[in-house]
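Written below as structure tokens is the structure these notes are about.
Nothing fancy with the numbering, it's 1 onward along the sequence.
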Amino acid sequence: MKHFLTLFVLTFLLFNCGATQTTNEPDLADVPEEDIVRISNDDIEYEIIIIEPGFNGWLASIARPEGYYSQSFLEARNRILVQEWNTRVLQVNRFDPSLYELPIDYRANVDYGYDVNYKLYNYFIYFQLTYKQQLSTFVPRI
């Protein structure tokens, strides 16, 4: 099965106590700026970088607006979706490794804030609809 070759990187950069810990930081030099979505909380403690052609436009025009979902709803769904995502990253013989390249470091006991949870959840919806994947028993829809 051929997949449209896209560059996808989803990375959390965690900063603790003034020291920077970076996990799988992507090289963004050759990526058009319109294909990059940066999500971070106000304190820049947590950051997600999504490189996916089309996601920015989809988020602005098709996704439910900010405030539509509660933060607790987003956190609950993100825990489920991240767990399945990370399972698929590890199962390269079962799932396409070009779709599931990097694990996501999402911890249930950390308050990432609304913006991070909103955009991460919407990325999962976009990903599932675009690549015809289902990461949970919840059918992805808008």
Exercise for the section: Quick one: do N86 and I104 satisfy side-chain contact (heavy atoms from CB on, under 4.5 Å)? Show the steps, please. Expected result: CA-CA 7 Å; N86 289 341; I104 301 170; 4.0 Å; yes
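Rounded to the nearest 0.5 Å, atoms OG1 (T87) and CZ (R94) are 9.5 Å apart. A distance of 11.0 Å separates CG in N122 from CD1 in I62, rounded to the nearest 0.5 Å. Note that OH of Y126 is 10.5 Å distant from CG of L59, once rounded to the nearest 0.5 Å. Here the CZ-CD distance, from R141 to Q128, works out to 11.5 Å after rounding to the nearest 0.5 Å. The CD atom of Q134 sits 10.0 Å away from atom CD of E84, with the distance rounded to the nearest 0.5 Å. In this structure, the separation between CZ on F138 and CD1 on I125 is 10.5 Å, given to the nearest 0.5 Å.
Between Y106 and V116, the closest side-chain pair of non-hydrogen atoms is not below 4.5 Å.
Taking the six-membered ring for Trp and thresholds of 30 and 60 degrees, Y131 and F127 have ring planes inclined between 30 and 60 degrees apart. The aromatic rings of W58 and F55 sit parallel to each other, their planes meeting at less than 30°, with 60° as the upper class boundary.
A chain of hydrophobic side-chain contacts below 4.5 Å, direct or via other Ile, Leu, Val, Met, Phe, Trp or Tyr residues, connects F73 to F124. I80 and Y118 fall into different hydrophobic clusters, where Ile, Leu, Val, Met, Phe, Trp and Tyr are joined by side-chain heavy atoms under 4.5 Å apart, directly or via other members.
Other residues, nucleotides and ligands contribute only 12 or fewer heavy atoms inside 6.0 Å of the CD atom of Q83.
Of all non-hydrogen atoms in V89 and V92, the two that sit nearest each other are O-CG1, 3.6 Å. Heavy atoms only, all atoms of each residue included: E66 and Y114 are closest at C-OH, 3.9 Å.
In this structure, Y112 contributes its side chain and E75 its backbone to no donor-acceptor pair below 3.5 Å. Remark: side-chain polar atoms of N117 are not paired, donor with acceptor, to backbone N or O of Q71 under 3.5 angstrom.
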